[in-house]
Participant: 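Have a look at this one before I ask anything.
Note that these values count all heavy atoms, side chains included, but never hydrogens, waters or copies made by symmetry. Remember, predicted model here, so these are calculated numbers, not experimental data. Counting starts at 1 for both ligands and their atoms, in listed order.
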Amino acid sequence: MKLIIAIVQDDDASRLVSTMTEHGFRVTKLATTGGFLRSGNTTLLVGVEDAELPKAMNLIEKTCKSRRTVTTAPAPVGGINTTYAPYPLEVTVGGATVFVLTVDSFVKL
Ligand code: 2BA
């Protein structure tokens with residue numbers, strides 16, 4: 001068995017949960033925050049049998065889109081008395097960041 005940890009954008013999360021459950025996968029949805037942008041994203045936990053892993057990965061890939069977003073990053077300005085001022089930085093986020101872990105044991109008590 002595998003545990004998929006998929007970090008996706010909030011805009012894709014609801015559709016992905018619906019699609020995964022319609023295809024028989026069990027999903028846990030967590031509200032999370034990206035360390036770089038400091039903005040909300042969604043992390044899904046999906047336990048799957050090994051044979052179902054390609055199907056689950058395919059659904060994630062088809063549902064999650066990459067998007068460009070602008071954030072601000074501090075940049076040094078000035079000479080001797082250097083200070084830091086925010087400047088716009090464009091980054092591409094997603095489609096999905098996916099970790100696949102092998103599950104040692106799966107028990108429902
Ligand atoms: P964030 O950390 O908020 O990162 C959002 C996007 O900002 C990233 O998109 C990437 O394009 C950019 N970015 C992140 N760190 C950067 C840096 N040091 N310099 C320049 N640009 C940077 P994604 O790579 O698609 O990541 C989306 C979200 O997935 C991340 O949100 C984070 O929550 C998670 N993530 C990505 N890689 C991870 C990893 N190795 N471990 C844990 N979480 C990860």
Participant: Under a 4.5 Å side-chain heavy-atom rule over Ile, Leu, Val, Met, Phe, Trp and Tyr, are L44 and I7 clustered together?
Facilitator: no
Participant: With rounding to the nearest 0.5 angstrom, report the CD to CZ distance, Q9 to R67.
Facilitator: 4.5 Å
Participant: For F99, is at least one N or O under 3.5 Å away from an N or O on ligand 1?
Facilitator: no
Participant: If we only count N/O pairs under 3.5 Å, is G94 in contact with ligand 1?
Facilitator: yes
Participant: Could you tell me the separation between the CE atom of M20 and the OG1 atom of T63, rounded to the nearest 0.5 Å?
Facilitator: 8.0 Å
Participant: Quiz question: by atom type and distance under 3.5 Å, do the side chains of T32 and N41 form a donor-acceptor pair?
Facilitator: yes
Participant: Provide the number and element of each atom of ligand 1 under 4.0 Å from a heavy atom of G34.
Facilitator: 1 (P), 2 (O), 3 (O), 31 (O), 33 (O)
Participant: Please confirm whether I7 comes within less than 3.5 Å of ligand 1 when only nitrogen or oxygen atoms on both sides are compared.
Facilitator: no
Participant: Roughly how far, to the nearest 0.5 Å, is NZ of K2 from CD of E52?
Facilitator: 14.0 Å
Participant: Under a 4.5 Å side-chain heavy-atom rule over Ile, Leu, Val, Met, Phe, Trp and Tyr, are V70 and L89 clustered together?
Facilitator: no
Participant: Consider only side-chain N and O atoms of R68 and T92, and report whether a donor and an acceptor are under 3.5 Å apart.
Facilitator: yes
Participant: For ligand 1, which atoms have a heavy atom of T92 less than 4.0 angstrom away?
Facilitator: 9 (O), 10 (C), 11 (O)
Participant: Tell me the contacting part of T97 for ligand 1: side chain, backbone, both, or neither, using a 4.0 Å heavy-atom threshold, strictly below.
Facilitator: side chain
Participant: With backbone taken as N, CA, C and O and side chain as the heavy atoms from C-beta onward, which portion of N41 lies under 4.0 Å from ligand 1: side chain, backbone, both, or neither?
Facilitator: side chain
Participant: For atom 12 (C) of ligand 1, what's the nearest protein heavy-atom neighbour? Residue, atom name and distance, please.
Facilitator: F36 CD2, 3.7 Å
Participant: In terms of hydrophobic clustering (I, L, V, M, F, W, Y; side-chain heavy atoms under 4.5 Å; direct or indirect links), are V17 and I4 co-clustered?
Facilitator: yes
Participant: What protein heavy atom lies closest to atom 6 (C) of ligand 1? Include the residue and the distance to one decimal.
Facilitator: V93 CG2, 3.9 Å
Participant: Could you list which atoms of ligand 1 come closer than 4.0 Å to a heavy atom of L37?
Facilitator: 1 (P), 3 (O), 5 (C)
Participant: Would you say ligand 1 has an N or O under 3.5 Å from any N or O of V91?
Facilitator: no
